[in-house]
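The first residue in the sequence is number 1, and the count goes up from there. Basis for what follows: all heavy atoms, side chains included, without hydrogens, waters or symmetry-related copies.
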Amino acid sequence: MKLSFFKKEKIIKFSILIILTICLLSIVYKLESIECYDYVDDLCYECNDIDDLTNYIDYNMLSKSLKQLISKDNFVFSNTEEKYHFCNLIMNLDYDYNRNNNVYSTNQFRNDLAERITIDDKRYLISVTIVFKPRWFSKPQIVDLDASIMDISI
């Protein structure tokens, strides 16, 4: 059975529309990746300590799997005790993220966001590393968190 000229024309137009849509989505995703990279770059160069993270991250940026492990009430780090508990929580998470090429980590630009704190007359060095992934038409998504607490009171 032969296709009529009009059917061929519709198939060609539809194919072109599909190709243009795919190209447009690819361009938008690439722009989102660049924006995510810039976002992490700004965070790394402008954050002096963990307190400053509140200007860059919020609970809504967490991935779905991280939200299942971290409650909104535990996603606080504005004072010394909260930072210590937040890092302790992150260290004890049973979570593994399979990294891919399209993520941007705060440790790609400089060493982790680190800070010296004192709790109960003990000094600790705490640090946090955050891994971001581009997200469509929104702030980057936090797909992985890593933290450490080191007793430096010796």
For the student: nearest non-hydrogen atoms of [X] and [Y], plus distance:
X    : Y    : value
F132 : V40  : CD1-CG2, 3.3 Å
C36  : P134 : SG-N, 3.7 Å
P140 : M61  : O-CE, 3.2 Å
L93  : L66  : CD1-CD2, 4.5 Å
D151 : K122 : OD2-NZ, 4.0 Å
C87  : I126 : SG-CB, 3.9 Å

Selection residues 72-88 - residue pairs positive for salt bridge (Lys or Arg N to Asp or Glu O under 4.0 Å), sequence neighbours left out
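Applying salt bridge (Lys or Arg N to Asp or Glu O under 4.0 Å) to every pair that reaches into residues 72-88, excluding sequence neighbours, yields D51-K83, K83-E115.
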
Spacing of [X] atom [atom1] and [Y] atom [atom2] [to the nearest 0.5 Å]:
X    : Y    : atom1 : atom2 : answer
K139 : E32  : NZ    : CD    : 13.5 Å
Q141 : K64  : CD    : NZ    : 11.0 Å
S63  : Q68  : OG    : CD    : 8.5 Å
K67  : I142 : NZ    : CD1   : 10.0 Å
F86  : N79  : CZ    : CG    : 13.0 Å
T118 : Y84  : OG1   : OH    : 12.5 Å

Test your reading of the model: is there a side-chain donor-acceptor pair from D58 to the backbone of N60, 3.5 Å cut-off?
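Here the side-chain-to-backbone pair exists.
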
Got a sec, which residues hit side chain to side chain contact (heavy atoms under 4.5 Å, CB included) with [X], two or more places apart in sequence or on another chain?
X    : result
I152 : R116, R123, L125, M150
N74  : I70, S71, L89
T21  : L17, L25

Which label fits Y37 and Y104: parallel for a plane angle under 30°, tilted from 30 to 60°, or perpendicular past 60°?
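The arrangement is perpendicular - the two ring planes meet at more than 60°.
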
Dump the intermediate steps for side chain to side chain contact (heavy atoms under 4.5 Å, CB included) on L62 and I57, then the final yes or no.
CA-CA 9 Å; L62 291 178; I57 65 172; over 6 Å; no

Using the rule that Ile, Leu, Val, Met, Phe, Trp and Tyr join whenever any side-chain heavy atoms are under 4.5 Å apart, tell me whether [X] and [Y] fall into a single cluster.
X    : Y   : result
L20  : V28 : no
I117 : V76 : no
V131 : I34 : no

For K13, enumerate each residue passing the salt bridge (Lys or Arg N to Asp or Glu O under 4.0 Å) test, keeping only those at least two apart in sequence or located in another chain.
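With sequence neighbours excluded, K13 shows a salt bridge (Lys or Arg N to Asp or Glu O under 4.0 Å) to E9, given in chain and number order.
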
Taking the side chain as C-beta and beyond, is there a heavy-atom pair between [X] and [Y] under 4.5 Å?
X    : Y    : answer
D144 : I130 : no
V128 : D146 : no
L43  : L113 : yes

Does N92, at its CG atom, have more than 12 non-hydrogen atoms belonging to other residues, nucleotides or ligands within less than 6.0 Å?
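It does: N92 CG has more than 12 such atoms within range.
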
List, by chain and then residue number, the residues other than L31 in its hydrophobic cluster (Ile/Leu/Val/Met/Phe/Trp/Tyr, side-chain heavy atoms under 4.5 Å); write none if there are no others.
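L31 shares its hydrophobic cluster with I27.
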
